[in-house]
Every structure is written in structure tokens, then in C-alpha cells.
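Each ligand, and each atom within it, is numbered from 1 in the order the structure gives. Since this is a predicted model, take the numbers as computed values, not measurements.
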Amino acid sequence: MSLGYLRVVTAGESHGPQLTIFVQNLPAGLPVLAEDINVDLARRQKGYGRGGRQQIEHDCVEIVAGVRHGRTMGGPITMVIKNRDWPNWQGRMDVEPVPEPPPPVTRLRPGHADLPGVVKYGHEDVRNVLERASARETASRVAAGGLAKIFLRQFGIEIRSHVLRVGAAKAETPEGLRLARQAASDGWWTRVEDSPIRTGDAAFEAAATELIKAARTAGDTLGGIFEVISYGLPIGLGTYAQWDERLDGRLAAAMMSIQSIKGVEIGDAFANAARPGSEAHDVIDYAPDQGWIRPTNRAGGLEGGITNGAPLVVRGAAKPISTLIHPLPSVDYATRERSVAHVERSDVCVLPAAGVVGEAMVALVLADAMRLKFGGDSLDEALANYQHFQHTQDQPAAPSHG
Ligand code: EPS
């Protein structure tokens, strides 16, 4: 992924030996410990509705380049996550030719990359598609996003996520959660981190758990919606000046690139579409001791493609994942005869994990926007530039006598 300035490349197959992650253009001097990234990798692995694979994996990164004695040096950072499932796939996923290749996967799964993937790349074996299309790759994004979060934390920026919907079940969220980082919300976020659905709403947690249980029994899967809220952002990230530098567009692209995510909402986008303008926008106020005040945050923290100082609110809608234990009608790619889709071990609902991946993608976009705005080859230089800009915000413009 190439954003404006940060570069992130991920490599690796779901059942290959390892995932490899490159992140380029973070400043030198950033304090980075593998254990800080591992916290997020563990959060991504939790959640009710995952399949058997998560019992096998215990994701942790090894940082192999770009960091010395716990600080970045300014060069590309390279990280590796070993696949613990790899030994079970030897003979089937070897890099070298094998004397007896395994039978190919040929029964196409509707909704997966299987059909367009084999046609596009000229493969005979759907496994050559599904190994890379797999959402296993999201572990790499969480590792890259973990670095971005460490960078953002230096500026007091904090990113949270929770699940708003699983199938037909919907969460109720507390008043004020999207208005500012408030101590009153701490209890909510603690409950989210402890919840197997990643919600603070106990009734929703129970309803979602029942729905996932029923879907598993039926051999079915469930989608839903998660929300990522970023607190502590300065005014001024992104720009209206060029279409492809608007932050809304970059966030939407990053979110839509997550496997299974088919819709993105910023702030109250869909509710605003049904409101008159007088009820859709956030009025502006100012107090010398508080700065700019927005009593509502329907815009979700962005105006004109630029952060406006309010929390950034981004939602992702996930389709139900496409590997069904009770498979849909399909066609065998080798024979072109009607068949049912290929079945392999998979998850029933990935919403809790998807929110953690969403945090990572938002973190990467925001870290990129911070790098573009404040620059700096070292963290100290970036912080000094940031503080200078924030200081200029504290000064009311001189009254005009013209
Ligand atoms: C996935 C299928 C399952 C998931 C996997 C994504 O893997 P497996 O085929 O090994 O059971 O568990 O996600 C992960 C391994 C992960 O770490 O998130 C798929 O087809 O997308």
C-alpha cells in the first residue's frame, strides 16, 4: 500500500511459513517494542465466532530490520509473523516443487476471490488464489498499524473500535462517545476490550452471541458493522486541495481494502442523507479556554476532507464471510459442471476482529497524514513541528483594521 508518504507492503500466504511486513518512512527515534505490537495481534485473534485456526495461531511479531535497541533508525522496518499452522501444510504449500502435488481445489466459492482470481491469474488450483486472498493477511495489517499507532501515541492520538451490528442485532452506544475523549467513556471501552463481541452493550452482546451460535449450527455465516473512533486529532490533516488527498477518500479506500468490507460510513453519512441541512451540520462555537467547540459530531471529524478537531468516526460494513459450511450452489472450475462450493475450515463471524483491523487501517492513514503535515526525519523534529503548529492555533487572528 502506498499512501501519500508512508509505504506498507505485506507478503505471505495463509498457510505458508510466515507473514512479512515492510513499513517505510516512519521517523527515526520512535520507541518500538515487539510487545506493543503483539498486544494488538492478540486483540485481533480474540472474539466470538472465530474458527479452529485461532486455537493454532498465537501471533507475535519478530522485528528483523529498521529498529536498534528499541528505537527506529529511519530505514524500512521489517517484521515477520510465523504461521504456526505451517507444519500442517507441508507437502501442500511447499515453496519447492513436490513429487506428488495435492489434488487442486476446484469448486468455486461464491463471494470469494476464487472465480475471478483463477481466471485473472490463469491458475488451475483455487488454492493459489485463496491463500493470498485470505483474511489471514489482516494480521500483517494489524502489525503495520501497530507501528502507526505507536507513532500516533506520541502526539496523544488514541484509536478505539467496537462492534455496532452483528446480523440483525444492533448495539446501543452511550451519549457523547463520538464527541470528545471523556473519562465517562472509560467504562465503555474497558467493557469493549473484555467482551467477546467487542461491545459495551450487554444486551447486544447476548443477542449477537445467540445469532452467531445459530449461524454456526446452520453452517452459515454473519456480517455486521464496526466503528473506529480516533481521539486527539489536530485540526488540519488531509486537504480539500486535491481530490486524492481528501482524508475521507483515503480512509474509505483503506477500509474498503479490508477483506469482506463492502461499505464505509464517515460520521452520520447515511442518517445525514435523510436530514435537512439545518439538522445535518455541526454548529461552530469558540471559547478562549477550550478553543473550537462543536456541540455535535455528525460530520465524524472531517470537513472538506480535513480533520476538524472532533473525533474521527469511521464505520465499516462487513459482508458475511463467503466460506460456508453448508455450501452454496456453484460450478467446478475443472469440469464446468454444477457442484457445491468448496468447504474448508473457516470463521462464522469476524466482526470483533474486523474492528481491530479497522483500527490498524485508520492508524496507517492518520500516521501518513501526520507525516505529510508535520514531516521530520526524527521523532523530535516531527514533535517540534506539531507543537509549533498547535501553538499557532491558540492565537486568535489579529483583528483586521483594513
Ligand atoms: C480465512 C479462513 C480461516 C481463518 C483465516 C481467514 O483460516 P483457515 O483456512 O486456516 O481455517 O481463520 O483467518 C486467519 C487465519 C486469521 O489469522 O485471521 C479466510 O479464508 O479468509
Side-chain angles (χ1 to χ4, degrees), residues 10-21 37-61 79-93 102 105 107-118 125-146 161 163 196 198 212 215-216 219-223 226 257-262 316 318-325 327-328 330 341-361:
T10 72
E13 283 69 47
S14 180
H15 304 101
Q18 67 180 40
L19 306 174
T20 308
I21 304 108
I37 295 163
N38 291 341
V39 170
D40 273 349
L41 289 174
R43 289 169 72 235
R44 192 198 69 93
Q45 287 204 271
K46 288 194 217 153
Y48 189 72
R50 304 304 301 274
R53 179 77 183 271
Q54 298 315 314
Q55 309 308 313
I56 300 170
E57 303 298 342
H58 295 286
D59 292 336
C60 50
V61 283
M79 300 181 285
V80 164
I81 301 171
K82 299 280 183 202
N83 285 328
R84 286 178 50 150
D85 206 14
W86 159 242
N88 304 324
W89 287 80
Q90 289 186 9
R92 288 182 287 172
M93 284 300 295
V105 175
R107 287 179 289 120
L108 305 160
R109 290 166 300 168
H112 223 287
D114 295 0
L115 172 58
V118 281
D125 186 349
V126 172
R127 181 154 302 287
N128 287 348
V129 173
L130 71 86
E131 284 290 332
R132 184 64 189 152
S134 166
R136 173 72 185 145
E137 191 258 349
T138 61
S140 303
R141 300 186 195 216
V142 169
S161 76
V163 174
R198 289 191 51 77
I212 294 169
R216 175 174 283 134
D220 216 332
T221 58
L222 283 174
F226 66 82
S257 75
I258 302 172
Q259 291 82 343
S260 299
I261 301 305
K262 295 288 137 198
K319 68 179 180 182
I321 61 167
S322 45
T323 306
L324 303 182
I325 298 299
L328 288 171
S330 183
H342 170 69
V343 177
E344 65 172 56
R345 177 188 63 190
S346 196
D347 306 311
V348 177
C349 179
V350 294
L351 260 294
V356 179
V357 181
E359 287 175 27
M361 295 314 291

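Among all non-hydrogen protein atoms, the one lying nearest atom 11 (O) of ligand 1 is R345 NE, 2.6 Å. Ranking the protein heavy atoms by distance from atom 1 (C) of ligand 1 puts S134 OG, 3.5 Å first. The nearest heavy-atom contact from the protein to atom 4 (C) of ligand 1 is D347 OD2, 3.3 Å.
Of the inter-residue distances, the one linking Q259 atom CD with R141 atom CZ reads 5.0 Å to the nearest 0.5 angstrom. Here the CZ atom belonging to R127 is positioned 10.0 Å from the OG atom belonging to S134, to the nearest 0.5 angstrom.
Near H15, meaning under 4.0 Å from one of its heavy atoms, ligand 1 places the atoms 8 (P), 9 (O), 10 (O). Numbered from 1 in the order shown, with element, the atoms of ligand 1 that lie under 4.0 Å from a heavy atom of A135 read 6 (C), 18 (O), 19 (C), 21 (O). Residue contact check: R53 has heavy atoms under 4.0 Å from atoms 7 (O), 8 (P), 10 (O), 11 (O), 12 (O), 15 (C) of ligand 1. Within ligand 1, the atoms closer than 4.0 Å to a non-hydrogen atom of E344 are 9 (O), numbered from 1 in the order shown.
A salt bridge is defined here as a Lys NZ or Arg NE, NH1 or NH2 lying under 4.0 Å from an Asp or Glu carboxylate O, and R345 with D85 meets this definition. Using a 4.0 Å cut-off between a side-chain N of Lys or Arg and a carboxylate O of Asp or Glu, E344 and R92 do not qualify as a salt bridge.
Each of R132, R136, R53, E137 was scored for a side-chain hydrogen bond (donor to acceptor under 3.5 Å, both in side chains) with S14, with one residue passing: R53.
At least one heavy atom of R44 sits under 4.0 Å from some atom of ligand 1. Not close to ligand 1: Q45, with no non-hydrogen atom less than 4.0 angstrom away.
No N or O atom of S346 sits closer than 3.5 Å to an N or O atom of ligand 1. In terms of polar-atom proximity, T323 is not counted as a contact of ligand 1, lacking any N or O under 3.5 Å from an N or O of the ligand. Considering backbone and side-chain atoms alike, R50 places an N or O below 3.5 Å from some N or O of ligand 1.
Between the side chain of Q45 and the backbone N or O of D59, at least one donor-acceptor pair lies under 3.5 Å. The closest donor-acceptor contact from the side chain of N83 to the backbone of L19 lies at 3.5 Å or more, if one exists at all. Side-chain N or O atoms of E131 include one that pairs as donor or acceptor with a backbone N or O of H15 at under 3.5 Å.
Counted by atom type alone, R107 and S330 present zero donor-acceptor pairs between their side chains at under 3.5 Å.
Closest heavy-atom approach to atom 16 (C) of ligand 1 among the candidates Q54, E137, H112: Q54.
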